[in-house]
There are 2 protein chains.
Amino acid sequence: MLGTVALLDEAGADALTFRALAARLGGGVGSIYWYVGSKDELVGRAADHVLGEVSAATTLPDDADPVDNVRALAMAVYEAIARRRWLGAYLMQDFGFQPNSMALYDRIGQQLQRLPLTTRQRFHAVSAVIGYVVGVSAELDHGPAAIEEMADDEREAFLERLRTTWRAVDPATHPFLAEVTEEFEQHRDEDLFAAGLDLLLAGLRQQASAAE
Amino acid sequence: MLGTVALLDEAGADALTFRALAARLGGGVGSIYWYVGSKDELVGRAADHVLGEVSAATTLPDDADPVDNVRALAMAVYEAIARRRWLGAYLMQDFGFQPNSMALYDRIGQQLQRLPLTTRQRFHAVSAVIGYVVGVSAELDHGPAAIEEMADDEREAFLERLRTTWRAVDPATHPFLAEVTEEFEQHRDEDLFAAGLDLLLAGLRQQASAAE
DNA sequence: TCTATCATCGAACCGCGTTCGATAACCGAA
DNA sequence: TTCGGTTATCGAACGCGGTTCGATGATAGA
């Protein structure tokens, strides 16, 4: 009955208590502990499960540019985390310890094996990409990113407070904040993520081409 | 008495319960709530406080390369989070909402204002750097990074289990993992972080030079 | 039919953040 | 001096959530 995973995944998603989960399954609280040792392990498994799905749903053409393929994978993972915010926190915890996350690690690495890099450079690059993707995506889970879950008036109050804070900064002491205020108010998180990812990948491309 | 901040900061650090904190201060549990509305706010303030110290302790020469200066700031923040792991999680929550984190954001941005970039490019770059730094650093807090806190035998058992897991991967299905196993076992987290940061900054340099 | 493993259950435990009402200590005003 | 109100402190009690535990039923091989 590790359908628990799929259930927690699709149904109530996160913020799900053990008691609620047990009730939904029509089972007892203690039963869950026969299948899993702790809540962390449960959610960790669930996280790895959806990660497997994401990876499986992304096809990487052999004749495509390796870095483009890496980008495709990274964006897919980002979107998955953006859709299910709870993923981020748990991927941070144990990326590299669960089967599907290791598989994904390897899959990105395989793409880089087609580039003229040293083993160390590949190791660093893959770690950087995964660190960036997971880390930045996880930030969505906290702070302002929980905006969608707010009630309308609550959200409006929050945004208003945010705007007030930003407008209150002194252009003399914080010239850069003043410059990008407008950008900040209009930005889409996904574009931000993609732009940073492209910077990272540009650095990687440069490293690869430097070695011919 | 916001010396609470410094106390939680230096003394017990994280994993600190309200009751323990109150006891250490020789005060009552409820007293804390007169100064602060919630635990999140308390730790958030503490986080922003040390971030301010980190920024203040880092001098950026006006005649130095802007990107080098950004790198120096990023490394300083990384080291601070590496030293006090609890920082990462809280910086993720409210970076950009507290004074010192906003100031740091601006400070990085000011460096980029010396480069020939569009406002949007600067906005993306600063966000990417901060996202990378905070996100990747925060990953230290979870998972294997808590190694130092383990008892000796516990740590040894953990490392052994980790090695076993990695050695068990099939080179045929996971060729990349097989290639980097050795690198992984020898790596230092700080080098990993720096390597990824340098890739990101290389991409940024390229973007700047492309615009002359 | 007996027995041992598998599987389930939910009451109870425990630690946590948080709330609350009581209570001083201080201070300007009458 | 006295009084009302703000400032500041306290800790018992609440509610919630993960986890433990012993009991109990199912299932199957001997």
Side-chain angles (χ1 to χ4, degrees), chain A residues 1-9 11-49 84-94 97-98 141-143 146 149-151 154 158, chain B residues 1-9 11-49 84-94 97-98 141-143 146 149-151 154 158:
Chain A
M1 262 219 205
L2 273 183
T4 309
V5 169
L7 216 75
L8 175 143
D9 185 19
D14 109 294
L16 199 52
T17 165
F18 259 44
R19 292 175 231 272
L21 176 62
R24 182 182 301 268
L25 292 176
V29 199
S31 306
I32 308 179
Y33 280 85
W34 189 87
Y35 295 97
V36 77
S38 71
K39 187 179 189 180
D40 273 7
E41 186 186 329
L42 175 69
V43 188
R45 291 247 197 103
D48 198 63
H49 175 72
R84 310 205 247 252
R85 300 286 163 99
W86 57 274
L87 263 182
Y90 280 90
L91 288 183
M92 280 185 69
Q93 281 194 25
D94 43 30
F97 300 92
Q98 305 241 351
D141 188 28
H142 304 311
E149 301 161 9
M150 294 183 181
E154 190 181 7
F158 175 79
Chain B
M1 264 220 201
L2 274 182
T4 309
V5 169
L7 216 75
L8 175 144
D9 186 17
D14 108 294
L16 199 52
T17 165
F18 258 44
R19 292 175 232 271
L21 176 62
R24 182 183 300 269
L25 292 176
V29 199
S31 306
I32 308 179
Y33 280 85
W34 188 87
Y35 296 97
V36 77
S38 71
K39 187 179 189 180
D40 273 6
E41 186 185 330
L42 175 70
V43 189
R45 290 246 196 103
D48 199 62
H49 175 73
R84 310 204 248 251
R85 301 286 162 99
W86 56 274
L87 264 181
Y90 280 91
L91 289 184
M92 280 185 68
Q93 281 193 26
D94 44 30
F97 300 92
Q98 304 240 350
D141 188 28
H142 304 311
E149 302 161 8
M150 294 184 182
E154 191 181 6
F158 176 78

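Here is the naming used below: chain letters follow the sequence lines, and residue numbers restart at 1 for every chain. Owing to the predicted nature of the structure, the values given are computational and were not obtained by experimental measurement.
In this structure, B:I32 places its CD1 atom 9 Å from P of C:dG17, rounding to the nearest Å. The distance from atom CD of B:E41 to atom P of C:dT18 is 10 Å, rounded to the nearest whole Å. Between the C1' atom of C:dT18 and the CG atom of B:L21 lies a distance of 15 Å, rounded to the nearest Å. When the C1' atom of C:dC9 is taken as reference, atom CZ of A:R24 falls 20 Å away, rounded to whole Å. Taking atom OH of A:Y35 as the reference point, atom C1' of C:dC9 lies 12 Å away to the nearest angstrom.
Checked against side chain to side chain contact (heavy atoms under 4.5 Å, CB included), B:A47 has the following partners two or more places apart in sequence or in another chain: B:W86, B:L87, B:Y90, B:L91.
Distances shown here put a side-chain N or O of A:S31 below 4.0 Å from the OP1 or OP2 atom of C:dC9.
The minimum heavy-atom distance linking A:V5 with A:A46 is given by the pair CG1-CA, 3.4 Å. Heavy-atom minimum distance, B:D94 versus B:G44: OD2-CA, 4.2 Å.
Considering B:Y33, B:Y35, B:F18 as possible partners of B:L42, the one that fulfils the side chain to side chain contact (heavy atoms under 4.5 Å, CB included) test is B:F18.
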Nucleic acid footprint by protein, nucleotides 14-28 of chain D - heavy-atom cut-off 4.0 Å, B for base, S for sugar-phosphate alone: ---BBBB--------

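Note that NE2 of B:H49 and CG of B:D9 are 6.0 Å apart. Values are rounded to the nearest 0.5 Å.
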